[in-house]
Every structure is written in structure tokens, then in C-alpha cells.
Number of protein chains: 2
Amino acid sequence: MPLPQTEMPGRLQAHFAERGIRMTQQRRAILRVMETATKHLDAAQLLRKAQKLDASVDRSTVYRTLQLLKRHGLIDELDLMHIHGEGHYYERKLNRDHIHMACLRCGKIMEFVSDIFEKLKGQVEKDCRFRIVVSRLEIGGYCAGCRGAK
Amino acid sequence: MPLPQTEMPGRLQAHFAERGIRMTQQRRAILRVMETATKHLDAAQLLRKAQKLDASVDRSTVYRTLQLLKRHGLIDELDLMHIHGEGHYYERKLNRDHIHMACLRCGKIMEFVSDIFEKLKGQVEKDCRFRIVVSRLEIGGYCAGCRGAK
DNA sequence: GATTCAGTTGCAAACGAGTCGCAACTATAG
DNA sequence: CTATAGTTGCGACTCGTTTGCAACTGAATC
Ligand SMILES: [Mn+2]
Ligand SMILES: [Mn+2]
Ligand SMILES: [Zn+2]
Ligand SMILES: [Zn+2]
């Protein structure tokens, strides 16, 4: 299942312009990669893809831009159950939150949108008087295909 | 809110005995710390506390034991929104799963048990034909006390 | 209790992800 | 075009975690 493309590409750059954040060659490359990504990317993958658009992009600029995007709530950071090492994965934050499932056997990552999840967040906000800024539900287990084996 | 103490201490050691896992001085110290912890511990805190019970405990043994406990599904690993650095936190897995909320302003960690969360996991298992082994819902935002300020 | 050996340990070195200080550069406003 | 605050690449660094290895030890067997 590909990432739902419910926002048009260019949206991240537009956000930067609206909020008066300086646009640079390097940021343009990094944002473009995030905007057109069809899967969750880690920092190293993001760097490699961005360098294809602008060879000068440095690793530290990728990390600095990821921090910027996080601070502005434009991307989500995921562990994906640390199936491959200790690093993090990133994806654009879309209008609709979703759950991530990682198969512990084949490594497949699945996404799932649920009204019950929205209801649960509503319950937390109300019952705990907690203002939710970011939420992350990650599940590890066995996918349909791997259920039989094990 | 302290961790709910619904399982008796000694339970981790009992689990090891049942499954024929070798018990050592060092493991005894580490398990005792996990069993009696009243908050989420990172590897460094766990090491320090375990060394008070057995000064010979080494950092690498702590990590190896954490891996062992994870593999046996006896503990959960948390990010707690990476409020303090890139490390992980650990807690015993109790009968009842719970949600973690981290206040982005004061750093407080809150826990919350919810039937809706159980229902959501049921939906994932059914609708996605996914066998859940471990699940982690972490929420970042502002606690009741910090809502007013910003 | 002594013997045995697979499993476990401490140590030191290595690793991977992420951060930081700094001098050079550049996007943008005037 | 100029001035300047913000951004960059670079290299060195921190931090959390892993690993290879020789020495040790728990517990099963005698
Ligand atoms: Mn996703
Ligand atoms: Mn993490
Ligand atoms: Zn699978
Ligand atoms: Zn707070």
C-alpha cells in the first residue's frame, strides 16, 4: 500500500514560504524528496536521494532540516519497531493520522487508518486533559502472509 | 502516577526458571531492578541501580539482558518522544497494556489504560489479519498543568 | 563434592545515528 | 549593490548500543 497522496507536492515548500522560512538549494532538494517519497525514509536514504537533486547536500543539513520539519509539525518520526537498526524513519504528516504495523518476520510495513484511533485520541484529550501535538502508534507482529509460518 | 504493580516481584526470575534460562548473579541484580522499578528506566539508570546490588555488572550485560527480556516479551521498549536524547526506556510488560503521554513542556510522563485502545488492537488484528505481538502508543503534547502556558 | 561444558561475562574496541563549532557562503530585505 | 542574519559543509565529536574474545560460572551429570 503506497502512502496516500492527499496533499499536493510542493506543499512543504509553500509552508516554508508562508511562514517566512528561508529557502535554499539544499532545502529545496530535501523537501522535494520528502514530498515525492512513496515510502518511509531514514536519514541516510533521504541524504542519498537529495544528493541526486543537489550533490552539495550534506548529512548535517539533512538532520538540521529534519529538525526544522519536526519543529513545524510537518513530518512524523517513526521507529518502525527498530526492525533495521536504531535509526528513525520519516514521512510527511498528512491530514489523516495512521497506524504503522511492522511484520517481525518479513519486515513489511503496513499502514492503517482507523476511526477508533481518532476516538481514542479524543478520549485521551478529554479524560487526561492532555493537548495532543503528535501521536505514534506502532505495532509489531506477524502479517497475514507470515501468520502460517513462524 | 506510579507504574501499576499488578504482578508480584520475583515474577521475571520465575519466568526465567520456567523456561530453563540460566540465572546468574548479574541477571538476578538486573531483574530485581526491573521488578521493583517505579518508573521507566533507561539503560544507564538500570546499570547504576543494578551495580548497587552487584558491583560487577557491566554495561554490555545490561544490554544483553534487555535484549533477552525483549525477545521473551517480558519488557516493553519506549521512546517517550525522545524528550531526553536518543535513548530508550524500559518497563515490565504487565497484564494490561497502556498508553504513554509525554509533556513537551515539563517532561512529565503519564500513563493511561483504555478499553478503546484494546478495541483498536482488536480491530487491527481482525481487519488487517495481523497478529499483534507488541504495540506502542506514544503521545507528545501538553499536560493539564502546562496547557495554560505555552 | 568433583567434573564438565555450553552459556555467560567483563573488557575494550568498534559501530551507527545524530550533534556541534566554526569559518565560508547565500538568500533576502533595503 | 550592500549589508546582514541565517544557512551551509566540514570535521570532530557525543551518545547509545553492539561485538569479539578469552576468562569465568551455573547447573546438569556423575
Ligand atoms: Mn506511514
Ligand atoms: Mn526511537
Ligand atoms: Zn510478514
Ligand atoms: Zn507539562
Side-chain angles (χ1 to χ4, degrees), chain A residues 12-33 40-72 75-90, chain B residues 12-31 33 40-72 75 77-90:
Chain A
L12 290 181
Q13 263 159 269
H15 244 280
F16 270 43
E18 283 161 26
R19 310 203 199 181
I21 303 170
R22 189 171 295 191
M23 184 52 54
T24 64
Q25 281 289 324
Q26 294 86 344
R27 283 181 181 170
R28 225 183 310 278
I30 294 167
L31 297 194
R32 175 129 325 248
V33 173
H40 311 95
L41 300 175
D42 63 25
Q45 295 169 319
L46 178 51
L47 172 63
R48 259 181 280 114
K49 284 174 183 285
Q51 283 179 332
K52 284 185 186 153
L53 303 180
D54 176 347
S56 81
V57 176
D58 186 73
R59 201 161 44 96
S60 61
T61 300
V62 167
Y63 281 110
R64 289 192 272 236
T65 305
L66 284 172
Q67 281 182 156
L68 186 61
L69 289 165
K70 263 192 282 179
R71 237 182 298 124
H72 285 264
I75 58 171
D76 273 327
E77 185 177 62
L78 306 169
D79 273 22
L80 301 183
M81 295 326 276
H82 287 305
I83 279 191
H84 312 288
E86 294 292 313
H88 291 121
Y89 294 84
Y90 301 91
Chain B
L12 290 180
Q13 264 160 268
H15 244 280
F16 270 43
E18 283 161 27
R19 309 204 200 181
I21 303 169
R22 188 170 298 190
M23 183 54 53
T24 64
Q25 281 290 324
Q26 294 86 345
R27 283 182 181 169
R28 224 184 310 276
I30 295 168
L31 297 194
V33 172
H40 311 94
L41 300 176
D42 63 25
Q45 296 169 318
L46 178 51
L47 172 62
R48 259 181 281 115
K49 284 174 183 287
Q51 283 178 331
K52 284 185 187 154
L53 303 181
D54 174 349
S56 81
V57 176
D58 187 73
R59 202 158 37 98
S60 61
T61 300
V62 166
Y63 281 109
R64 288 192 271 235
T65 304
L66 284 172
Q67 280 181 158
L68 186 62
L69 288 165
K70 264 192 282 180
R71 237 183 299 123
H72 285 264
I75 58 171
E77 184 176 62
L78 306 169
D79 273 20
L80 300 184
M81 295 325 275
H82 287 306
I83 280 192
H84 311 287
E86 294 291 315
H88 291 118
Y89 294 84
Y90 301 90

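By convention in this document, chain letters (A, B, ...) are assigned in the order of the sequence lines, proteins followed by strands, and residues within each chain are numbered from 1.
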> If you find the nucleotide of DNA chain D closest to Arg64(B) and the one closest to Thr65(A), which residue's nucleotide is nearer the 5' end?
Replying inline: Thr65(A)

>> Rounding to an integer number of Å, can you tell me how far Leu41(A) CG sits from dG18(C) C1'?
In response: 17 Å

>> Could you tell me how far apart Glu77(B) (CD) and dT18(D) (C1') are, to the nearest whole angstrom?
In response: 14 Å

> Is there a donor-acceptor pair under 3.5 Å between the side chain of Arg59(B) and the backbone N or O of Leu47(B)?
Replying inline: no

>> Using a 4.0 Å heavy-atom cut-off, does Ser60(A) contact any base of the nucleic acid, only the sugar-phosphate backbone, or nothing at all?
In response: base

> Would one find a side-chain N or O of Thr61(A) under 4.0 angstrom from OP1 or OP2 of dT7(D)?
Replying inline: no

>> Measuring from the side chain of Tyr63(B) (C-beta onward, heavy atoms only), which nucleotide among dT17(D), dT8(D), dG18(C) has the closest atom?
In response: dT17(D)

>> If I take atom CG in residue Leu69(A) and atom P in nucleotide dT7(D), what distance separates them, rounded to the nearest angstrom?
In response: 13 Å

> Which whole-number value in Å describes the distance from Arg19(A) CZ to dT28(C) C1'?
Replying inline: 20 Å

>> Once you apply a heavy-atom cut-off of 4.0 Å, does Ala43(B) come out as touching a base, just sugar-phosphate, or nothing?
In response: sugar-phosphate

> Regarding His88(A) and Asp79(A), is there a side-chain donor-to-acceptor distance under 3.5 Å anywhere?
Replying inline: yes

> Is there a donor on the side chain of Arg59(A) or the base of dG9(D) sitting less than 3.5 Å from an acceptor on the other?
Replying inline: no

> Where is the tightest heavy-atom contact between Ala29(A) and Leu53(A), given as atom of each residue plus distance?
Replying inline: O-CD1, 3.7 Å

> Nearest-Å distance, NE2 (His84(A)) to P (dG16(C))?
Replying inline: 16 Å

>> Quick check on dG9(D): is either OP1 or OP2 less than 4.0 Å from any side-chain nitrogen or oxygen of Gln26(A)?
In response: yes

> When the nearest nucleotide of DNA chain C is assigned to Asp58(B) and to Glu86(B) on a heavy-atom basis, which residue is associated with the more 5' position?
Replying inline: Asp58(B)

>> Measuring to OP1 and OP2 of dG18(C), would you say a side-chain N or O of His88(A) lies under 4.0 angstrom away?
In response: yes

>> Under 3.5 Å, is there a donor on one side chain and an acceptor on the other for Glu77(B) and Tyr90(B)?
In response: yes

>> OP1 or OP2 of dT19(C) versus the side-chain N and O atoms of Gln67(A): is any pair under 4.0 Å?
In response: yes

> In whole angstroms, how far is the C1' atom of dT18(D) from the NE2 atom of His82(A)?
Replying inline: 14 Å

> Asp54(B) has an atom CG; how far is it from atom P of dC24(D), in whole Å?
Replying inline: 16 Å

> So which heavy atom on Gln51(B) is nearest to which on Val57(B), and how close?
Replying inline: NE2-O, 2.9 Å

> Checking only heavy atoms, does the side chain of Arg27(A) share a donor-acceptor pair with the base of dG6(D) at less than 3.5 Å?
Replying inline: no

>> Just by distance, no angles: are the side chains of Thr24(B) and Arg28(B) close enough, under 3.5 Å, to form a donor-acceptor pair?
In response: no

> If you look at every strand shown and take non-hydrogen atoms under 4.0 Å, does Gly85(A) touch a base, only sugar-phosphate, or nothing?
Replying inline: nothing

>> Between C1' on dG16(D) and CG on Leu46(B), what's the gap in Å once rounded to a whole number?
In response: 14 Å

>> Judged by each residue's nearest nucleotide on DNA chain D, which is more toward the 5′ side, Ser56(A) or Ala44(B)?
In response: Ser56(A)

